[in-house]
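Dropping the structure in here first, questions after.
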Amino acid sequence: MEKNFLTYNLEVNGLWQEVKFSASAVEEIFMPFLRELTDLKMTMDRKVIAYLVAPPGAGKSTLAQFLEKLSRERSKEVDPVRALGMDGFHFTAAYMNTKEIERDGKKILMRDIKGAPETFDVDLLIEKIRELRSEGTNWNIYDRKIHDVLPDYWSVEDDIILIEGNYLLLKDVGWTNVRVLADYSVFIEAEPELLRERLINRKVLGGSSREDAEKFFNFSDAKNIELVLKNSARADETWKLLPDGDFGVGSRN
């Protein structure tokens, strides 16, 4: 059966792009999720913190921004959602350029595995999420033009917050203190080979050669994908990234 795709213009990480999702995904997956968050807010009578968790390359940043847009377009049905990313809680470039860590028995600079769990300031992330849950806070962002963190960039006082990131449900020490702060969570599963091609193609489109993109994937992205897929706690819902870029219901539901 041929899908009915809906097209949207969306600003993601400062760039406008055209994105497509099927009408069935919007009505049968995304809208029920937004209704669940609306119901949670009414039931708990406080701010709601939700997580959208996915391995690298699964399109979680775009999806989070789309869910924010959808919630505002359908404001008669659901409460508005504010989408935020956890990438603003990387350590600064200056810190990662000088900080050495051990990986596979070798000393390397933290910048060489930027994006791995070790490159995030988990304690600061926990502090900020706790502030979000109470009365709001200023939120860090990651600026892809300067490839660095901009602290306290957004003022956030919204009632329903959707935070997207790779490691928010990790079972590892430290990250478990992040996990317990979520009122509701969604995990996106995907085939590793599909993620591999998406990430390599993204690097090539950004100016890297195919060879360099594959080397970076094998050294960094592949390990992060495996970690997220195998070591994330069960979410309240699981969605699946499909080869056509659309989403369906995941196997863990």
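Just so it is clear, the values below take in all heavy atoms, side chains as well, and ignore hydrogens, waters and symmetry mates.
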Minimum heavy-atom distance Pro192-Leu229, with the two atoms named: CG-CD1, 4.0 Å
Main-chain N/O of Glu131 paired with Thr137 side-chain donor or acceptor, under 3.5 Å: no
Distance in Å, Ile129 CD1 paired with Leu181 CG, rounded so as to fall on 0.5 Å steps: 5.5 Å
Aromatic ring pairing Phe21/Tyr8, orientation class (parallel under 30°, perpendicular over 60°, tilted between): tilted
Distance, nearest 0.5 Å, that separates CG of Leu37 from CD1 of Ile160: 5.5 Å
For the student: nearest non-hydrogen atoms of Pro56 and Asn166, plus distance: N-ND2, 3.5 Å
Shared hydrophobic cluster, Leu150 / Ile163 (ILVMFWY, side-chain heavy atoms < 4.5 Å): yes
Atom CD of Glu135: over 12 foreign heavy atoms under 6.0 Å: no
Val81 versus Leu34, closest heavy-atom pair with distance: CG2-CD2, 3.8 Å
Nearest non-hydrogen partners of Leu169 and Arg179, listed with the distance: O-CD, 3.5 Å
Close side-chain approach of Leu242 to Lys3, heavy-atom, < 4.5 Å: yes
Thr119 side chain vs His90 backbone, donor-acceptor pair below 3.5 Å: no
Backbone N/O of Ala64 and side chain of Glu164: donor-acceptor pair under 3.5 Å: no
Met44 atom CE: more than 12 heavy-atom contacts under 6.0 Å: yes
Cationic tip of Arg82 above Trp154 ring, under 6.0 Å, 45° of axis: yes
Side chain proximity check, Tyr51 to Val178, heavy atoms < 4.5 angstrom: yes
Residues Phe89, Val149; criterion side chain to side chain contact (heavy atoms under 4.5 Å, CB included); working and verdict: CA-CA 7 Å; Phe89 295 89; Val149 172; over 6 Å; no
Shared hydrophobic cluster, Val228 / Ile113 (ILVMFWY, side-chain heavy atoms < 4.5 Å): no
Any side-chain heavy-atom pair of Val19 and Lys69 under 4.5 Å: no
Whether Phe66 and Phe30 hold their rings parallel, tilted or perpendicular, with breakpoints at 30° and 60°: perpendicular
Connected via hydrophobic side-chain network under 4.5 Å: Leu199 and Phe219: no
Value rounded to 0.5 Å, distance of CG in Asn177 from CD in Glu127: 13.5 Å
Asp183/Arg133 ion pair, N-O < 4.0 Å: yes
Lys20, NZ atom: more than 12 neighbouring heavy atoms under 6.0 Å: no
Side chain to side chain contact (heavy atoms under 4.5 Å, CB included) evaluation trace for Ile188 with Phe247: CA-CA 9 Å; Ile188 298 173; Phe247 292 88; 3.8 Å; yes
Distance in Å, Asn4 CG paired with Ser22 OG, rounded so as to fall on 0.5 Å steps: 8.0 Å
Ser185 side chain to Asp236 backbone, donor-acceptor under 3.5 Å: yes
4.5 Å side-chain heavy-atom contact, Glu237 and Tyr184: yes
Any donor-acceptor N/O pair, Trp175 side chain to Ser232 backbone, under 3.5 Å: no
Heavy-atom side-chain contact between Val48 and Asp79 under 4.5 Å: no
Donor-acceptor contact below 3.5 Å, side chain Thr176 vs main chain Val173: no
Distance under 6.0 Å and angle within 45° of ring axis: Lys203 vs Phe216: yes
Test log, rule side chain to side chain contact (heavy atoms under 4.5 Å, CB included), inputs Glu68 and Asp158: CA-CA 12 Å; Glu68 177 181 305; Asp158 308 71; over 6 Å; no
Main-chain N/O of Asp148 paired to Asp143 side chain as donor or acceptor, under 3.5 Å: no
Test item: Tyr142 side-chain N/O and His147 main-chain N/O as donor-acceptor pair under 3.5 Å: yes
Stepwise side chain to side chain contact (heavy atoms under 4.5 Å, CB included) test for Leu109 and Asn97: CA-CA 6 Å; Leu109 288 174; Asn97 285 341; 5.9 Å; no
N/O donor-acceptor pair under 3.5 Å between Tyr167 side chain and Phe120 backbone: no
All salt bridge (charged side-chain N to carboxylate O under 4.0 Å, His left out) counterparts of Arg103, not counting sequence neighbours: Glu118
N-O pairing of Asp112 and Lys106 below 4.0 Å: no
Nearest-0.5 Å distance, CD of residue Glu214 to OG of residue Ser208: 11.5 Å
Side-chain heavy atoms of Arg196 within contact of Glu193, under 4.5 Å: yes
Electrostatic pair Glu197:Arg210 at N-O distance under 4.0 angstrom: yes
Close side-chain approach of Met86 to Val122, heavy-atom, < 4.5 Å: no
Pair Asp87 + Lys114, salt bridge at N-O below 4.0 Å: no
Shortest non-hydrogen separation from Gly88 to Asn140 and the atoms involved: O-CB, 3.2 Å
Least distance between heavy atoms, Leu170 atom then Pro117 atom: CD1-CG, 4.1 Å
Inter-residue atom distance Asn138.CG - Glu157.CD, 0.5 Å rounding: 8.5 Å
Lys240: side chain to side chain donor-acceptor pair (under 3.5 Å) partners, not counting sequence neighbours: Glu191
Single-linkage hydrophobic cluster, 4.5 Å side-chain cutoff, Phe91 and Leu168 together: no
Listed partners of Tyr153 passing ring pair (Phe, Tyr, Trp, His ring centres under 6.0 Å), at least two apart: none
Test item: Ile161 and Lys47 side chains (from C-beta on) under 4.5 Å apart, heavy atoms: no
Co-membership, hydrophobic cluster, residues Leu84 and Ile126, 4.5 Å side-chain: yes
